[in-house]
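Below: the structure, in structure tokens.
Note that the structure is predicted; figures quoted are calculated from it, not measured.
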Amino acid sequence: MNKEVIDTFTDLATGKLTETEWLQWFDEHKNLVEITCGRTAFLKIKPKGNLTCIGNAYAGQIAVVSWLKNQNITTEVSNIYQKAYEKEFAEFVKQEKEKDQLRQQYVKDNFAYLADSYPRFFKQLLKSFDTSNTIEKGKTLSEISEKELFLSITFSPEIITFFSAISKLSLEGIEIDFDTLSIEVFEDKSFLMLGEFWYYGDGDLLLYDLANHKLFSYAHEHQPPKLVQLANSVPDLLEKNFTKYLKSQAG
């Protein structure tokens, strides 16, 4: 066995290396480590991209101690990396909690009015909304009337309620924009094209049936492409489909 590898592993086990020294040594000697330890042990010891420096030092220490033990090499084990990692993780959790509180307060301050019409959707926004999302407040009744004239249609009460509350909705996989509304024909039926809802596939159109007020997705990746009913009404779309979708995206 290579003496430098054994000595460095022992230094890591006993806490004699800084996390930077460990990472630098490993980067310079990774081929030697793999040859000495074998592929399986090497992958356990190897620093991970999703961990911080101290996290990698702690994880590396656990892995090298296990390898040394399998080689019948006994050594003391310091808890210096464990303590540093636990402190770092606790600070991370604290910062994330503070961010979450600020995010929720932002949603409450700006979109609390949505709770009246779409309570479940608003509740999910408290959990899902982030700085990459966009919600713009609704249009005036006068602006909505102008859009009806432009499109030569009459909006249903639920469409008026929605666009009075929200003029633009841009969330993960959901895009609705009052300014880009259009009339589209699919399967010989006229629909109000609201935007996109990536429920079945990226880029699927979100369509409102002007005759029966039901919501459909145009599943363009299906062979052949087809209309798939999503909801019986706009409130159902937000309260059920959007809420479920955002919840699944949040993991």
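The existence of a salt bridge linking Asp130 and Lys99 is excluded, since no basic side-chain nitrogen approaches an acidic carboxylate oxygen closer than 4.0 Å. In this structure, Glu86 does not pair ionically with Lys83, as no charged nitrogen and carboxylate oxygen lie closer than 4.0 Å.
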Exercise for the section: Start with the C-alpha distance between Glu196 and Trp198, add both sets of side-chain angles, then the distance that settles side-chain hydrogen bond (donor to acceptor under 3.5 Å, both in side chains), and finish with yes or no. Expected result: CA-CA 6 Å; Glu196 295 183 359; Trp198 298 5; 2.8 Å; yes

Exercise for the section: Let me see the working for Glu158 and Thr161 under side-chain hydrogen bond (donor to acceptor under 3.5 Å, both in side chains), right down to the final yes or no. Expected result: CA-CA 5 Å; Glu158 63 185 34; Thr161 297; over 6 Å; no

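Between the Ser128 side chain and the Gln124 main chain, a donor and an acceptor come within less than 3.5 Å of each other. The backbone N or O of Tyr245 lies less than 3.5 Å from a partner atom in the side chain of Ser248, making a donor-acceptor pair. No donor-acceptor pair under 3.5 Å is formed between the side chain of Thr14 and the backbone N or O of Glu76.
Between Phe155 and Phe163, the two ring planes are tilted [angle within 30° to 60°].
Linking Ile, Leu, Val, Met, Phe, Trp and Tyr whenever their side-chain heavy atoms come within less than 4.5 Å leaves Tyr218 and Leu210 in two separate clusters. Ile35 and Leu43 fall into different hydrophobic clusters, defined by Ile, Leu, Val, Met, Phe, Trp and Tyr side-chain heavy atoms under 4.5 Å apart, directly or through other members.
Shown here are the side-chain contact (heavy atoms from CB on, under 4.5 Å) partners of Lys46, two or more places apart in sequence or in another chain: Phe26, Phe42. Applying the salt bridge (Lys or Arg N to Asp or Glu O under 4.0 Å) rule to Asp188 yields no partners; only residues at least two apart in sequence or on another chain are considered.
Checked against a 6.0 Å centroid threshold, the rings of Phe129 and Phe111 count as neighbours. Checked against a 6.0 Å centroid threshold, the rings of Phe122 and Tyr113 do not count as neighbours. The aromatic ring centroids of Tyr81 and Tyr58 lie 6.0 Å or more from each other.
Figure legend: cation-pi geometry between Lys214 and Tyr208 absent, as NZ or CZ is not positioned both under 6.0 Å from the six-membered ring centre and within 45° of its axis.
When all heavy atoms of Ile45 and Cys37 are compared, the pair lying nearest together is CD1-SG, 4.2 Å. Asn110 approaches Lys137 most closely through the heavy-atom pair O-CE, 3.5 Å.
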